[in-house]
Number of protein chains: 2
Amino acid sequence: MLSVHGVSIDFDQQSIQFIDKLTLMATPSTLHAQTCSTCNLRELCLPVGLSAQELNRVEQLVNVRKRVKRGDVLFRAGDAFANLYALRFGFFKTTTASPDGREQVTGFQMVGEILGLDGIVHDQHTCDAIALEDAEVCVLPFDKIEEISREVNQLQSNVHRIMSREIVRDQGVMMMLGNMRAEERLAAFLLNLVQRLQERGFSSTELQLRMTREEIGSYLGMKLETVSRTFSKFVAEKIIEANQRHIVITNAAALRRLAQAQTEEI
Amino acid sequence: MLSVHGVSIDFDQQSIQFIDKLTLMATPSTLHAQTCSTCNLRELCLPVGLSAQELNRVEQLVNVRKRVKRGDVLFRAGDAFANLYALRFGFFKTTTASPDGREQVTGFQMVGEILGLDGIVHDQHTCDAIALEDAEVCVLPFDKIEEISREVNQLQSNVHRIMSREIVRDQGVMMMLGNMRAEERLAAFLLNLVQRLQERGFSSTELQLRMTREEIGSYLGMKLETVSRTFSKFVAEKIIEANQRHIVITNAAALRRLAQAQTEEI
DNA sequence: CGGGCATTTGATCTAATTCAAAGCGAGTGG
DNA sequence: CCACTCGCTTTGAATTAGATCAAATGCCCG
């Protein structure tokens with residue numbers, strides 16, 4: 001459930017349309033508002049918990065928004081790092097390549113999540129960020145983030161938390177890749193998606209996958225055939241219903257039982 | 001090669017003794033100096049690149065050092081988060097547990113590395129940090145880090161870089177766990193250790209493992225038997241010599257070839 | 001309506017796990 | 001100082017989860 005101007009709104013489906021509807025509701029006069037104060041995502045995003053006054057200061061951060069079409073690249077490994085990106089709507093994957101050309105999906109990002117943290121260490125991105133559906137991001141120049149977070153303690157804290165969250169998330173993925181069997185991984189994956197969607201006001205039982213079986217497999221360290229077979233197994237066991245990429249979770253308890261090995265979010 | 005007061009020193013073996021020897025050389029009058037300015041690790045640690053003046057300000061950060069005996073816990077999942085820890089000497093592992101009790105090693109830390117970043121998001125640690133040999137850490141209260149890094153830009157930048165480095169490291173581990181076969185993982189693991197040791201002035205061909213086969217396996221997502229067999233295979237192929245935990249790399253090129261799938265450090 | 005990608009499903013195959021047993025080494029106490 | 005553990009490691013044999021190879025089906029989109 002996403003709270004906008006104190007009003008909670010319930011969604012039963014996630015999609016660009018719904019987010020745009022939300023934008024419309026939240027900011028009737030400024031449809032493509034360029035400021036954080038009028039952005040309906042501010043309670044998910046970098047400025048969580050900032051006072052109106054602090055928010056004013058942070059506004060200076062966001063002057064550019066960028067549309068990224070499905071299939072397009074936001075940044076690529078090797079690109080010079082200058083900005084973080086806050087995802088306003090749409091869906092991304094990040095992929096990391098090895099010297100010998102193998103590629104792995106290392107994350108999926110949805111509304112309100114921050115892309116580009118990998119670039120900070122070496123002033124250079126180490127992964128590709130590719131839109132899996134038409135998306136829009138706020139471009140956040142990192143030097144400005146650093147500058148403003150020296151003045152606004154809450155922003156400083158948020159930056160630290162977001163980075164730490166990413167580190168903890170990665171621990172969970174390692175757990176998944178290192179310890180879990182195919183079924184457990186897929187169960188954990190579905191639950192994780194659905195949980196994040198729920199935090200954003202969408203259904204906790206129904207979702208539209210934005211990625212292929214192959215991308216899921218790459219992320220989960222298994223082959224696309226295994227992903228497909230495991231989906232089929234879940235369907236046979238009446239744990240989920242699956243029509244192509246539309247998934248309905250019919251037995252969340254069973255799924256949770258399977259995914260036990262995964263570290264749950266605190 | 002570690003540069004101390006402008007003098008480069010070469011080690012052929014890593015061990016507590018050697019680090020203590022170094023301490024002795026670097027700070028003859030204050031054997032257990034409690035300040036960063038006199039710490040021989042300052043070029044590896046949080047204060048990299050700080051001017052003497054800035055260093056003075058950062059000094060206020062470090063007032064406590066803590067000894068941790070082999071097998072002892074520095075912090076545990078669930079512990080309240082208050083400090084980061086800079087590793088002065090010794091060797092740690094961090095382990096993450098799942099609800100159903102499975103445990104996985106998610107990292108090994110050596111001199112100059114920072115522990116505790118996982119705790120920032122939820123003011124609570126999410127992993128255990130356990131010393132694999134007698135160790136000493138500087139206790140760095142995180143609120144002070146935040147406070148000082150508002151004033152000292154270079155420190156702020158270092159904090160961000162260290163967190164980002166961790167994120168990039170984790171991407172590499174995911175790559176390893178998701179894409180690589182047992183041999184490749186072990187090769188990548190050995191090369192990574194040896195590379196980090198080399199950055200600290202130790203040999204790039206010889207190392208003393210501080211962890212068991214089981215711990216290696218847990219980190220690499222394989223069983224201890226497989227780790228052992230793979231070591232034996234490397235020995236048979238004359239890529240390494242292994243006597244218990246003492247490893248000599250005799251054919252680094254072959255090892256590098258095997259580990260190609262791993263993302264190399266930029 | 002046709003072409004190309006994505007998905008499903010089946011039949012082997014194999015890398016790694018599991019189960020089992022023996023060997024080794026460092027530390028302890030008689 | 002030796003004998004005896006106990007934990008770690010190695011090696012072997014059997015088993016298996018998932019990979020690979022292959023083919024058919026489905027679906028979207030121009």
Side-chain angles (χ1 to χ4, degrees), chain A residues 15 69-71 91 93 102-105 130 132-134 176-190 208-237 239-247 258 261, chain B residues 15 69-71 91 93 102 104-105 130 132-134 176-190 207-237 239-247 258 261:
Chain A
S15 77
K69 283 220 165 311
R70 178 159 176 257
F91 200 90
K93 69 169 175 181
R102 279 183 261 187
E103 203 170 80
Q104 161 139 12
V105 174
I130 296 163
L132 294 183
E133 60 178 15
D134 292 357
M176 198 160 72
L177 293 172
N179 268 318
M180 293 169 73
R181 294 175 313 104
E183 282 181 47
E184 300 173 325
R185 290 181 201 192
L186 192 62
F189 171 72
L190 288 175
Q208 192 67 37
L209 297 176
R210 303 303 183 188
M211 68 297 278
T212 66
R213 304 288 191 253
E214 187 170 14
E215 287 162 336
I216 296 174
S218 172
Y219 181 62
L220 297 179
M222 55 207 242
K223 295 293 150 182
L224 68 114
E225 293 96 326
T226 309
V227 175
S228 176
R229 274 184 242 276
T230 310
F231 269 123
S232 301
K233 187 150 185 280
F234 285 174
V235 171
E237 291 168 346
I239 295 173
I240 64 170
E241 288 163 14
N243 297 326
Q244 297 296 119
R245 301 197 187 169
H246 185 83
I247 308 289
L258 274 170
Chain B
S15 75
K69 282 220 167 308
R70 177 159 176 260
F91 199 91
K93 68 169 175 182
R102 280 183 260 185
Q104 161 138 10
V105 174
I130 297 163
L132 293 183
E133 61 178 16
D134 292 357
M176 197 159 73
L177 293 173
N179 270 317
M180 294 170 71
R181 294 175 313 104
E183 281 181 46
E184 300 174 324
R185 292 182 199 190
L186 192 62
F189 171 73
L190 288 175
L207 75 160
Q208 192 69 36
L209 297 176
R210 302 303 182 188
M211 70 297 278
T212 66
R213 303 291 190 250
E214 188 170 14
E215 286 161 337
I216 296 173
S218 172
Y219 181 62
L220 297 180
M222 54 207 246
K223 296 291 150 184
L224 69 114
E225 293 95 326
T226 310
V227 175
S228 177
R229 274 183 243 276
T230 309
F231 269 123
S232 301
K233 187 149 185 279
F234 285 174
V235 171
E237 290 168 347
I239 295 173
I240 64 170
E241 287 164 15
N243 297 326
Q244 296 296 120
R245 302 198 186 170
H246 185 82
I247 308 289
L258 274 172

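Numbered from 1 within each chain, the chains take letters A, B, ... in sequence-line order.
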For this session: Apply side chain to side chain contact (heavy atoms under 4.5 Å, CB included) to L186(A) and I216(A), showing your working.
Result: CA-CA 8 Å; L186(A) 192 62; I216(A) 296 174; 4.0 Å; yes

Problem set entry | Gap between atoms CZ and P, on R102(B) and dT17(C) respectively (whole Å) | 14 Å

For this session: Rounded off to whole Å, could you give me the CE-to-P distance for the M222(B) and dA17(D) pair?
Result: 20 Å

For this session: Report yes if a side-chain nitrogen or oxygen of T212(B) is closer than 4.0 Å to either non-bridging phosphate oxygen (OP1 or OP2) of dG7(D); otherwise report no.
Result: no

For this session: Would you please confirm or rule out a distance under 4.0 Å between OP1 or OP2 of dG18(D) and any side-chain N or O of T226(A)?
Result: no

Problem set entry | Nearest-Å distance for atom pair NZ/P, residues K223(A) and dA6(C) | 16 Å

For this session: Could you tell me whether the side chain of T230(A) and the main chain of T226(A) form a donor-acceptor pair under 3.5 Å?
Result: yes

Exercise. Hey, mind stepping through F234(B) and I247(B) against side chain to side chain contact (heavy atoms under 4.5 Å, CB included) and telling me if it holds?
Worked result: CA-CA 11 Å; F234(B) 285 174; I247(B) 308 289; over 6 Å; no

Problem set entry | Crowding at CZ, R70(A) (>12 non-hydrogen neighbours, <6.0 Å) | no

Problem set entry | Short side-chain N/O contact from R229(A) to OP1 or OP2 of dT8(C), under 4.0 Å | no

For this session: Look at R245(B) and dG25(C) and indicate whether a side-chain polar atom (N or O) is within less than 4.0 Å of OP1 or OP2.
Result: no

Exercise. Does the R213(B) side chain pair with the main chain of E225(B), one donor and one acceptor, at a distance under 3.5 Å?
Worked result: no

Problem set entry | Nearest-nucleotide 5' precedence on DNA chain D, E225(A) against E183(A) | E183(A)

Exercise. Across the strands shown, which category fits S228(B) at heavy-atom distances under 4.0 angstrom: base, sugar-phosphate, nothing?
Worked result: base

Exercise. Within this structure, what is the CD-to-C1' distance between Q244(A) and dT8(C), rounded to whole angstrom?
Worked result: 10 Å

Seminar exercise, completed: Rounded to whole Å, the CD-C1' distance (Q208(B) to dC8(D)) equals 14 Å

Exercise. To the nearest Å, how far apart are L224(A) CG and dT8(C) P?
Worked result: 10 Å

Problem set entry | Atom pair distance, as rounded to whole Å: CD1 in I216(B) and C1' in dT10(D) | 14 Å

Problem set entry | Separation of dT9(D) P from H246(B) NE2 (nearest whole Å) | 15 Å

